Amino acid sequence: MRDLPGETSDPSTGSGTEGGPGSGLDGVRVVLLAGGAGGSTFAVGLRDVVAAAGGRLTVICNTADDLWVHGLRIQPDVDSMLYGLAGVKDPVRGWGRAGDSDRVSDELHAWGLGWDWFTLGDLDLGTHIARTSWLRDGAGVGEVVARLGRRWELGATLLPMTEDEVDTLVEFNDETIHFQEWWTRYRAQREPRRFANPGIERAQPAPGVVEAIAEADVIVFAPSNPVVSIGPILGIPGISDAIRAAEAPVVGVSPIIAGAAVRGMAEMCLQVVGAECSATGVAGLYGARGSGGLLDAWLVAEEDEAEAPRVAGLGIHPSVRPLWMKDVALTRALATDALTAALATR
Ligand code: GDP
Ligand code: CA
């Protein structure tokens, strides 16, 4: 464990210098668990803060959204993270490459291939072709993600949660579809009976995942979908246990602000698992570390200040902060708040 903050800033009222000298974050080693859109937006701010402190960031990415399309392996969350950290993500759509075009997808549609609800950009397809050819040459998923990451200066180590193929399936009474179809085609509006990750009980954490968790000074749960982004990561045997056993404090950022998912479709996911769509509901899913769960601290939006006592009642330290990641400066401040709140629990 590195030197603690506490003297430098009060997590309940404000943040310290963002990762710079005197922030109490010198050399901090951080592990982030994350999905795609929310996860990669947060990761950019966290990367900046950790880099300014001379620390190290390892991102453990959800891979349960991964799928095969046209013989190519697609990793939606890994790619959002990769493009986000590289600064090449489309800022408007929030996924895919900036300035991309759809020439190849149009051509595939002319051949009667693909679906009208799913398009892959030309630059993006380059990534999928590179990934698939390395996989076919025998490289493991972790190695492939590392190779993708080497192209840009990411300022973080990117790890898939597992090298095994674990899908999130969405089950209805009459059929089962891949998560990607439910999310993209049905916009997560059609109510499923349940989510399933068949075979997850036999999956193993990717190389480096358990080690990074054990060596971390702070473990952070991104403001990602708790059910279909963070949920599968925690479902890989060994990952939750490694977090429980870690010396580092664990902090999460609520993806729910004022009772609604921000720019996301998490509401239905929470409903399906029977959780309340609120900051407290999500905190309750992760649970308090003191009672067999995972969280030491939880960042609650200013809009949800009234929920802080309920979070505290779960045995988790609430920290009421601005949670909107409207720009990089706000996201950096949020990342600093998360690290500070975590370290203040020790
Ligand atoms: P996905 O894999 O692309 O679905 O993305 P993630 O699971 O990483 O993130 C989706 C979640 O990010 C949504 O459920 C939103 O609630 C959350 N989110 C998006 N923008 C913000 C923001 O500005 N602040 C917070 N606190 N959460 C956000
Ligand atoms: Ca995702």
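Read the numbers this way: they start at 1 and go in the same order the structure lists the ligands and their atoms. Only a predicted model underlies this, so the values are computations on that prediction, with no experimental measurement involved.
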For A261, the ligand 1 atoms with a heavy-atom partner under 4.0 Å come out as 16 (O)

Option nearest atom 21 (C) of ligand 1 (shortest heavy-atom distance, choices M325, M81, K326):
M325

Decide yes or no on side chain to side chain contact (heavy atoms under 4.5 Å, CB included) for W183 and D65, but give the supporting numbers first.
CA-CA 10 Å; W183 194 252; D65 296 2; over 6 Å; no

Look at atom 27 (N) of ligand 1 and find which of G231, A222, P223 reaches it with the closest heavy atom.
P223

Could you walk me through whether V166 and T63 pass side chain to side chain contact (heavy atoms under 4.5 Å, CB included), step by step?
CA-CA 7 Å; V166 174; T63 57; 5.8 Å; no

Using only atom types and a distance under 3.5 Å, with no angle test, would you say the side chain of D167 pairs donor to acceptor with the backbone of A64?
no

Could you check atom 5 (O) of ligand 1 against the protein and tell me its nearest heavy-atom contact, residue, atom and distance included?
A37 N, 2.9 Å

If only side-chain N and O atoms count, and only distance matters, is there a donor-acceptor pair under 3.5 Å linking W115 with E181?
no

For N225, the ligand 1 atoms with a heavy-atom partner under 4.0 Å come out as 6 (P), 7 (O), 9 (O), 10 (C), 11 (C)

Heavy-atom proximity to atom 26 (N) of ligand 1, picking from C61, P226, S254, points to S254

Nearest heavy atom to atom 18 (N) of ligand 1: which of T41, V227, V262 does it belong to?
V262

Give the atoms of ligand 1, by number and element, whose distance to some non-hydrogen atom of G39 is under 4.0 Å.
8 (O)

Expected output: side-chain N225 to main-chain V228 donor-acceptor under 3.5 Å
yes

Mind checking whether M265 has an N or O less than 3.5 Å away from an N or O of ligand 1?
no

Assess whether a salt bridge exists between R103 and E107, defined as any Lys/Arg side-chain N lying under 4.0 Å from an Asp/Glu carboxylate O.
no

Students should be able to answer this: which protein heavy-atom is nearest to atom 4 (O) of ligand 1, and at what distance?
W183 CZ2, 3.8 Å

Would you check if the side chain of Q189 reaches a backbone N or O of R187 as a donor-acceptor pair within less than 3.5 Å?
yes

Could you tell me, atom by atom, which parts of ligand 1 come under 4.0 Å of a heavy atom of A266?
14 (O)

So for A34, does at least one of its heavy atoms come nearer than 4.0 angstrom to any atom of ligand 1?
no

How is the N/O/S atom of D77 that comes nearest to the Ca ion (ligand 2) named?
OD1

With D79 as reference, evaluate R73, R131, K89 under the salt bridge (Lys or Arg N to Asp or Glu O under 4.0 Å) test and give the passing residue.
R131

Which of the atoms in ligand 1, numbered in the order shown and given with their element, are less than 4.0 Å from a heavy-atom of W324?
23 (O)

Which of the numbered atoms in ligand 1 are under 4.0 angstrom from any heavy atom belonging to G35?
2 (O), 8 (O)

I need the contact type for I230 against ligand 1. Using non-hydrogen atoms and a strict under-4.0 Å cut-off, is it side chain, backbone, both or neither?
neither

Can you check whether D65 has an N/O within less than 3.5 Å of an N/O in ligand 1?
no

Ignoring hydrogens and angles, tell me if any N or O in the side chain of S224 forms a donor-acceptor pair with the backbone of A34 under 3.5 Å.
no

How far apart are the C-alpha atoms of I236 and I200, what are their side-chain angles, what is the distance that settles it, and do they pass the side chain to side chain contact (heavy atoms under 4.5 Å, CB included) test?
CA-CA 6 Å; I236 300 292; I200 196 169; 3.8 Å; yes

Going by an N to O cut-off under 4.0 Å, is there a salt bridge joining R97 and D124?
no

What residue and atom, counting heavy atoms only, is the protein's closest point to atom 25 (C) of ligand 1, and at what distance?
L323 O, 3.4 Å

Charged N to carboxylate O below 4.0 Å: is that the case for R310 and E276?
yes

For atom 16 (O) of ligand 1, the closest protein heavy atom turns out to be P255 O, 2.5 Å

Suppose I only count heavy atoms of D77 and a 4.0 Å limit; which atoms of ligand 1 are within that range?
2 (O)

Identify, for atom 9 (O) of ligand 1, the protein heavy atom at the shortest distance, and state residue, atom and that distance.
G38 N, 3.0 Å

Closest N/O/S atom of D65 to the Ca ion (ligand 2), by atom name?
OD2

From R244 atom CZ to L294 atom CG, the distance as rounded to the nearest 0.5 Å
5.0 Å

